[in-house]
Protein chains: 2
Amino acid sequence: MSGRTRSTATISRVAEAAGVSRATVSRVMNGRSTVAPELAARVLAAAEALDYAPSPVARSLALGRTATIALIVPDLSNPMFQDVLRSLSLAAGEDGHRLLIAESNEHVEDEEILAIEARRRCDGIVLASPRLPTEDLRRLVPQLAPMVLINRKLPGSDVPSLSVDHGAGISDLVSHLLSLGHRKIVYLAGPPVAMSNVERLTALRRLSDNGRQFELIQLACGAMFDNGHAAAGEVMSTGATAVVAYNDMVAFGALSGLHELGVSVPDQISVTGFDDIPFARFTTPPLTTAAVPTGTLGRQAWEHLREQLQGHSSTQETDFRPRLLVRGSTGRTT
Amino acid sequence: MSGRTRSTATISRVAEAAGVSRATVSRVMNGRSTVAPELAARVLAAAEALDYAPSPVARSLALGRTATIALIVPDLSNPMFQDVLRSLSLAAGEDGHRLLIAESNEHVEDEEILAIEARRRCDGIVLASPRLPTEDLRRLVPQLAPMVLINRKLPGSDVPSLSVDHGAGISDLVSHLLSLGHRKIVYLAGPPVAMSNVERLTALRRLSDNGRQFELIQLACGAMFDNGHAAAGEVMSTGATAVVAYNDMVAFGALSGLHELGVSVPDQISVTGFDDIPFARFTTPPLTTAAVPTGTLGRQAWEHLREQLQGHSSTQETDFRPRLLVRGSTGRTT
DNA sequence: TTGAAAGCGCTAACAT
DNA sequence: ATGTTAGCGCTTTCAA
């Protein structure tokens, strides 16, 4: 109620105060084996009095583990990663592990050092590093393991990876559009180098089946709001009745641009996104999209990592199918 | 080019390989004092060959510092904190420090333990804990310092704090609205317990000056999109020509609700937000708001923390004035 | 300039 | 059941 202790107590002080050995204090603090109740009580009392708590750093050194994991991401401002971060932090936290975050800030060249450095401070890492060349990654595995990959695979390795099934998401979106009668669809393409763009485009091409299922028009666009916004005019000039945007941001931009052109969505044209970022439900009209299960990604990432930390080798490649969310931005073609 | 080293090398191995003492290796690795060039070269070569890098954990124990700081936030899904997180991580990273994140998930009762626990793993913390009672916080300072507070002050303590000048933000918003001719303004209030809401409301009351400057109507609302959305009807029934929303999310909701009612913004009514979260520029119409300088908050938080880590006591209370961002959601009253 | 030795705070055999 | 001892891997006096 009054004592204000400074300069943290050590296990030795507590041992001394309780008149026991440090080993006994350690045992008590860890709820280990059997310590005579009387001694345990003395130790606890001393610890309490001295406001003692074991030093995590010293424990880490002695135990060879830190109860910390790291998340490595290219860009924290990406809503996708924010959600993964959150769920990962929560899941790991429930099992008593802390989360270190390392952002490469899109500097691929630093990513390697960053990952290695981060890994040395903790017990394992979750790596979301879409740009790192596969070969480099493969070479790094021994230094980085235990680890789990997010949004990319490493064939032939025994690193668990959690990915999004872009093709399935696109397929659901397209089925939905087809069921509404759309037969001429424009794809607002993302960055050509982005894996997710390639996979989404590939799926679209396959589904279009050379125009036999629907006519596919590809428009170079980008990944941001402004790209979608700028594309609105071009979209309309194609005469398409529906637009599949690379992601939600682009879809927002398109929605906004179309609105400015006086085009009514979904009456005159339907729009779909991809990701289901937090604001997708709040646009006007609310965005029909394929929801990437970021929460699941984060949680499972921790579970796979935990398996490995416990010595079980948890190799596995998982593809998560996005969930089709039909909202107001899609409607029957007229 | 070939050797694949497992089970990380230690300083002893390197010393042995180089035929020197561990002390010398340590000196070389830290670029310390003067080591004979020849020896240094031998050490470096051995380190390289063994793929050696000093253990951060062991260094932390020996040095008494971890080169890590922690950010403690109630809710990572809050866009405000995301941006602080990002800028803090970047700033600290540039000075070679890592960031540990700890989310209390809005459980105030756990916040205290969480903070203490986090603090023990690192050199200092940035605490964004609006709900923690002042008295508890005051009691915690000795255990948590060095620390810096975000979004709250601790009068009488020597803890630096970085806050938002809500009053100034509201003042700018109101001046803007007054200049557009608005004289009847409704405030869509946030959670009554939220400090930010109290301060914003207080500023509004003061500026209204009992209706002499403008008529102020307060509507209980909330902090979320849906709250704003639900309030649209009531807003219109007040006959006000402008609405000041508690924050951007509420403003979005209001925008959406008004749109559904067929009310045109800003022609029939003006709407302002607060925060300038990333999507504020993307609404239809783009939201006029008071931008909270989250990037600055994060950066300065690190700078204050760094000062303390270097031994300089950096007491200071800073209030950041939000920046008025005039966009499309406000216009002249008709 | 370099090395020997002590210590950071803890845990874990091994004895007793 | 408890204490003794030897580390975990590094840094840093202190001597030489």
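Lettering follows sequence order; numbering is per chain, from 1.
- Between B/Arg32 atom CZ and D/dT13 atom C1' there is a gap of 13 Å when expressed in whole angstrom units.
- Distance, B/Asn30 CG to C/dT1 P: 18 Å, rounded to whole Å.
- In this structure A/Arg119 satisfies the side-chain hydrogen bond (donor to acceptor under 3.5 Å, both in side chains) test with no other residue, sequence neighbours excluded.
- A heavy-atom distance below 4.0 Å to DNA chain C is reached by these residues of residues 34-47 of chain B, ordered by number: B/Thr34, B/Val35, B/Ala36, B/Leu39.
- There is a side-chain donor-acceptor pair under 3.5 Å between B/Asp123 and B/Thr66.
- The phosphate of D/dT11 has OP1 or OP2 within less than 4.0 Å of a side-chain N or O from B/Ser26.
- Residue A/Val20 is in sugar-phosphate contact alone, with no base atom involved, counting any heavy-atom pair closer than 4.0 Å across all strands shown.
- For the pair A/Leu162/A/Leu149, no side-chain contact is recorded, criterion being any heavy-atom separation below 4.5 Å from C-beta on.
- Here A/Ser163 pairs with A/Lys153 under the side-chain hydrogen bond (donor to acceptor under 3.5 Å, both in side chains) rule; sequence neighbours left out.
- The CZ atom of A/Arg65 sits 16 Å away from the C1' atom of C/dG9 (whole-angstrom rounding).
- Taking both residues in full, the closest heavy atoms of B/Met29 and B/Ala47 are given as SD-CB, 4.5 Å, listed atom of the first, atom of the second, then distance.
- The side chain of B/Ser21 contributes no N or O atom lying less than 4.0 Å from OP1 or OP2 of C/dT2.
- Salt-bridge formation is not detected for the pair B/Arg131/B/Glu109: no Lys NZ or Arg NE/NH1/NH2 atom is positioned less than 4.0 Å from an Asp or Glu carboxylate oxygen.
- Using a cutoff of 4.0 Å between basic side-chain nitrogens and carboxylate oxygens, B/Arg299 and B/Glu303 are not scored as salt-bridged.
- Both B/Ser55 and B/Arg27 lie near DNA chain D, and the one whose nearest nucleotide falls closer to the 5' end is B/Ser55.
- Screening residues 70-94 of chain A for salt bridge (charged side-chain N to carboxylate O under 4.0 Å, His left out), with sequence neighbours left out, gives A/Asp75-B/Arg86, A/Arg86-B/Asp75, A/Arg86-B/Glu103.
- Remark: A/Glu317 does not engage A/Arg152 in a salt bridge, criterion side-chain N to carboxylate O under 4.0 Å.
- Residues B/Glu38 and B/Arg42 are paired through a salt bridge, judged by an N-O separation under 4.0 Å between the basic side chain and the carboxylate.
- Fit an axis to the five pairs at each end of the helix from C/dT1-D/dA16 to C/dT16-D/dA1 and the two axes sit 40° apart, to the nearest 10 degrees.
- Between the CZ atom of A/Arg59 and the P atom of D/dG9 there is a distance of 17 Å, rounded to whole Å.
- One can place CD1 of B/Ile11 at 5 Å from P of D/dC10, the figure rounded to the nearest angstrom.
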Could you write out each protein N or O paired with an N or O of nucleotides 6-8 of chain D at a distance under 3.5 Å?
from  : atom 1 : to      : atom 2 : distance (Å)
D/dA6 : N6     : A/Arg22 : NH2    : 3.3
D/dC8 : O2     : A/Ala62 : N      : 3.4

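- B/Trp302 pairs with exactly one of B/Leu90, B/Asp95, B/Leu297 by the side-chain contact (heavy atoms from CB on, under 4.5 Å) rule, that one being B/Asp95.
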